Amino acid sequence: MEVYRYQQFPSHLATVHVALFDNVTNADELHARLIRASTLTGSEGETEREAVNFAFIDARLIASIQHLKAAVYHAILAATQGGLKTKSVHSEIIWTLNPTNNITEALRRYGVSASSSSLFVVRVDRPLDGLVERLSTIVHGTLVPLDSLKDMTNWDTIKKHYKLNDEPAIRNAAGDKDVERRKIDRIVTSSVATKIVMG
Amino acid sequence: MSATQILLSQATQISQGAEAAIYKGRLSDSGLDEEDVLLKYRFHKGYRHPTLDASLTKARVAGEARALLKCLRADVNVPAVRMVDALEGVLGIEWINGKSVRFLLGGGAEDEEVTEEMADGENLPEDATEELEDQLLEYNVSSDEVMTMIGTEIAKMHLADVIHGDLTTSNMMLRLPSPSPSNKTELVLIDFGLAYISTLVEDKAVDLYVLERAFSSTHPASEPLFAGVLKAYEIRMGKEWKAISRRLDDVRLRGRKRSMVG
């Protein structure tokens, strides 16, 4: 797990915890649990929502850590400016990752789904202890270093969602995988960073 | 103080113009691999009505970010965008490790007084050429290759209908060869503050004309250099070159502004 600190944000939004899980076996249960948590009422609902108060992101659609961090940064920035388009800073991260403004589509594509086998788990908060232990009871999988992402990314899906196939940046790469991936990463990271002014 | 104002207060200011101030900073203060970002801050202009100021700033930050993104998709070498805060007027872009083409061609740093350069008797033309090749040595490119890169990047940009609006050798940088992104020297176009989208031949021709004038005013004996730029531009533009070339000749006769008489 990695922890990033952002001094410029208010303390309850200044620490970002990022964990990456591989070989996740309970993605469908997790998905069902998130939906249930959102519909529960009363104190039971409060407790359950706090228990799963994270952003669960399908790692296949993340091009680089830089890409993920750009989405986290803009979600926190929106939260500090009262500009959240969704209900929480965590859902805002997922919304920011999607090229369109459709919240349901963003959750379906970038959030956890039954087919997810690798997951980023992000928590924006004050510095928290014992998060890894807590997460291991929620996500059944192997906690891996963040640079394991390089074997998880599904570049074709990213190209499709961002409509990159006909762009000169991709065509000029002429099939050189390394060049192409570097260019895709630059485009999607910049797209996420500029999303708030594109609308 | 807002988050972005705190971010600026922790960054180092490196230059200041009439429209914006430039800072070097970091978005996060943790992680050894945290990279530097360049922050362009369009500060509040006290001489404008606050409402107008806010909407102009927002529109310009957004416009610059959009132009950069369009260039990235069109395979033009430009800095990647790292953060945008349109409310505060801040655009954060990738830090480019290198120097401006103006500096490398011996045009001096932008702030340098012209009189100082003139007084400096050592800057004789012959020496200058040698000096220039020395500076470019670190980048492992010749000045002719630099001209080819300039022409190619501008052509890629114009093919995507992005007009830079302020093409000068100060607004182009050579990025030092490094393990990433490509292991070779790249020419990077910067400062899209005046950029806009246009398909008009006129706008593309004027963009080139502005650069031609910038070359002749900052670099002595620049004609062969600029010819190299146009050659590479012509090759990359293909069939669109003819119309732009013809229009460039017109623009040279009349200047940047069209006559609106009649």
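Hydrogens, waters and symmetry mates play no part in the numbers below; they use all other heavy atoms, side chains included. Because the structure is predicted, anything quoted here is derived from the model rather than measured. Numbers restart at 1 for each chain; the letters A, B, ... are given by sequence-line order, proteins then strands.
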(request) Mind listing the closest non-hydrogen atom pair of Y6(A) and D29(B) along with its distance? (result) N-OD1, 4.2 Å

(message) Quick check: closest heavy atoms across V81(B) and A193(A), and the distance to 0.1 Å?
(response) O-CB, 3.6 Å

(request) Check the surroundings of atom CG in D166(A): do more than 12 heavy atoms from other residues, nucleotides or ligands lie under 6.0 Å from it? (result) no

(request) Quick one: which of I6(B), L27(B), T4(B) has the most heavy-atom pairs under 4.5 Å with chain A, could you say? (result) L27(B)

(message) Heavy-atom cut-off 4.5 Å, strictly under: side chain, backbone, both or neither for L77(A) against chain B?
(response) side chain

(message) For E44(A), I'd like to know if atom CD has over 12 heavy atoms of other residues, nucleotides or ligands within 6.0 Å.
(response) no

(message) Less than 4.0 angstrom from a charged side-chain N to a carboxylate O is my criterion; do E34(B) and K69(A) meet it?
(response) yes

(request) Please report the C-alpha distance between T194(A) and R66(B) in whole Å, then the side-chain angles of each, then the deciding distance to 0.1 Å, and finally whether the side chain to side chain contact (heavy atoms under 4.5 Å, CB included) criterion is met. (result) CA-CA 7 Å; T194(A) 53; R66(B) 264 189 227 116; over 6 Å; no

(message) So for atom NZ, which belongs to K159(A), do other residues, nucleotides or ligands contribute more than 12 heavy atoms lying within a distance under 6.0 Å?
(response) yes

(request) Flag the pair Q8(A) / L8(B) as yes when at least one side-chain heavy-atom distance between them is below 4.5 Å, and no otherwise. (result) no

(request) Decide if atom CG of N172(A) counts as having more than 12 heavy atoms of other residues, nucleotides or ligands within a radius under 6.0 Å. (result) yes

(message) Counting only non-hydrogen atoms closer than 4.5 Å, does Q66(A) touch chain B with its backbone (N, CA, C, O), its side chain (CB onward), both, or neither?
(response) side chain

(request) Please test Y162(A) against R73(B) for side chain to side chain contact (heavy atoms under 4.5 Å, CB included), starting from the C-alpha separation and ending with a verdict. (result) CA-CA 10 Å; Y162(A) 275 90; R73(B) 283 180 170 260; 4.1 Å; yes

(request) For A74(B) and P168(A), work out which heavy atoms get closest and say how close. (result) O-CB, 3.7 Å

(message) If I measure from the heavy atoms of chain A, does L69(B) come under 4.5 Å with its side chain, its backbone, both, or neither?
(response) side chain

(message) Checking side-chain polar atoms at under 3.5 Å, does Q10(B) have a donor or acceptor matched by the opposite partner on Q7(A)?
(response) yes

(request) Considering only heavy atoms, give the residues of residues 85-92 of chain B separated from chain A by less than 4.5 Å, sorted numerically, with 'none' for an empty result. (result) D85(B), A86(B), L87(B)

(message) Quick check on the interface: out of T189(A), I187(A), I65(A), who has the most heavy-atom pairs with chain B under 4.5 Å?
(response) I187(A)

(message) Rounded to the nearest 0.5 Å, what separates atom OG in S191(A) from atom CG in L72(B)?
(response) 8.0 Å

(message) At under 4.5 Å between heavy atoms, what parts of residues 46-60 of chain B are in contact with chain A? List them by residue number.
(response) none

